[in-house]
Amino acid sequence: MSIRKGVMIALASGLVFAPAFAVSADIVKSRIDSYRELGAAFKAVNDGLRGGDVQAVLIAQSARQIRNAAKAQYQLFPAGSGPRAGVKTNAKAEIWTKPKPFRAAQDAFSVAADRFYAAATKGSPATIRAEAAKLGATCKACHDQFRSKVD
């Protein structure tokens, strides 16, 4: 192999691998941003359920955000976006080493989000509260297994 060909291969390899690191850091940031928005929507639900009157419009809007986030979550954990030096994430390695249980947790959240959305748009305040509690339980179950403890 000529030196020129070797340099070209090395440069090409660098161009192929360098963006993979950038994409990984970007996807982690996107994941964090997405889950912060999801948390804000769930907080709005809890706020809308406080007190005597249920804030139906606020809850329905938040329920739509939650349902959409549940559908989008499957794209937030590609291979190579897990914990590693220089990238801050609370995602545990088990997400990638135990994909079937993680997918089951995602599916449980997605189903609960659909049910919550249906309750928020058509249900009674009691049904909305019950479905919100079930939805919160799916979040907790996933966090307990697949998210590092946050200080």
Problem set entry | Sequence neighbours excluded - ring pair (Phe, Tyr, Trp, His ring centres under 6.0 Å) pairs with any residue from residues 56-88 | F77-F102
Exercise. By side chain to side chain donor-acceptor pair (under 3.5 Å), which residues pair with E131, not counting sequence neighbours?
Worked result: K134
For this session: Please name the pair of heavy atoms, one in A119 and one in I128, separated by the smallest distance, quoted to 0.1 Å.
Result: O-CG1, 3.3 Å
Exercise. Are any side-chain N or O atoms of Q65 and backbone N or O atoms of E37, one a donor and one an acceptor, separated by less than 3.5 Å?
Worked result: no
Problem set entry | D53 atom CG: more than 12 heavy-atom contacts under 6.0 Å | no
Problem set entry | Side-chain heavy-atom pair V45, L135 within 4.5 angstrom cut-off | no
Problem set entry | Residues forming a salt bridge (Lys or Arg N to Asp or Glu O under 4.0 Å) with D33, sequence neighbours excluded | K29
For this session: Begin from the C-alpha positions of D114 and K71 and carry the test salt bridge (Lys or Arg N to Asp or Glu O under 4.0 Å) through to its verdict.
Result: CA-CA 9 Å; D114 285 341; K71 293 181 186 334; 3.3 Å; yes
Exercise. Is the closest side-chain heavy-atom distance between R31 and T89 below 4.5 Å?
Worked result: yes
Seminar exercise, completed: dist R147:CZ -> Y35:OH (nearest 0.5 Å) comes out at 10.0 Å
Problem set entry | Residue pair A93 / P83: nearest heavy atoms and the distance that separates them | N-CG, 3.9 Å
Problem set entry | Distance (rounded to the nearest 0.5 Å) between K43 NZ and R36 CZ | 15.5 Å
Exercise. Below 4.5 Å, heavy atoms only, C-beta onward: do I66 and Y117 meet side chain to side chain?
Worked result: no
Problem set entry | Polar side-chain atom of S34 near backbone of S30 as donor-acceptor pair, under 3.5 Å | yes
Seminar exercise, completed: When every non-hydrogen atom of A91 is compared with those of W96, the smallest separation belongs to CB-CH2, 3.8 Å
Exercise. Can you find a heavy atom in the side chain of R129 that is under 4.5 Å from one in the side chain of V54?
Worked result: yes
Seminar exercise, completed: In short, K92 meets Q145 closest at the heavy-atom pair CD-O, 3.5 Å
Exercise. Would a distance-only check, ignoring hydrogens and angles, find a side-chain to backbone donor-acceptor pair under 3.5 Å from R50 to N46?
Worked result: yes
For this session: Flag the pair F116 / T138 as yes when at least one side-chain heavy-atom distance between them is below 4.5 Å, and no otherwise.
Result: no
Problem set entry | Atom of A44, atom of L58 and distance for their closest heavy-atom approach | O-CD2, 3.6 Å
Exercise. Nearest 0.5 Å, what's the OG1-NZ distance between T127 and K122?
Worked result: 12.0 Å
For this session: Might you confirm whether atom CD of Q75 has over 12 heavy atoms from other residues, nucleotides or ligands at distances under 6.0 Å?
Result: no
For this session: Measure the CZ-CG distance between R64 and N68 for me, rounded to the nearest 0.5 Å.
Result: 8.0 Å
Problem set entry | Gap separating the OG atom of S110 from the CZ atom of R115, nearest 0.5 angstrom | 10.5 Å
Problem set entry | Interatomic distance, D47 atom CG to Q55 atom CD [nearest 0.5 angstrom] | 8.0 Å
For this session: Could you check if a side-chain atom of F109 sits within less than 4.5 angstrom of a side-chain atom of C139, using non-hydrogen atoms only?
Result: yes
Exercise. Can you name the closest pair of heavy atoms from S81 and I27 and give their distance?
Worked result: CB-CG2, 3.3 Å
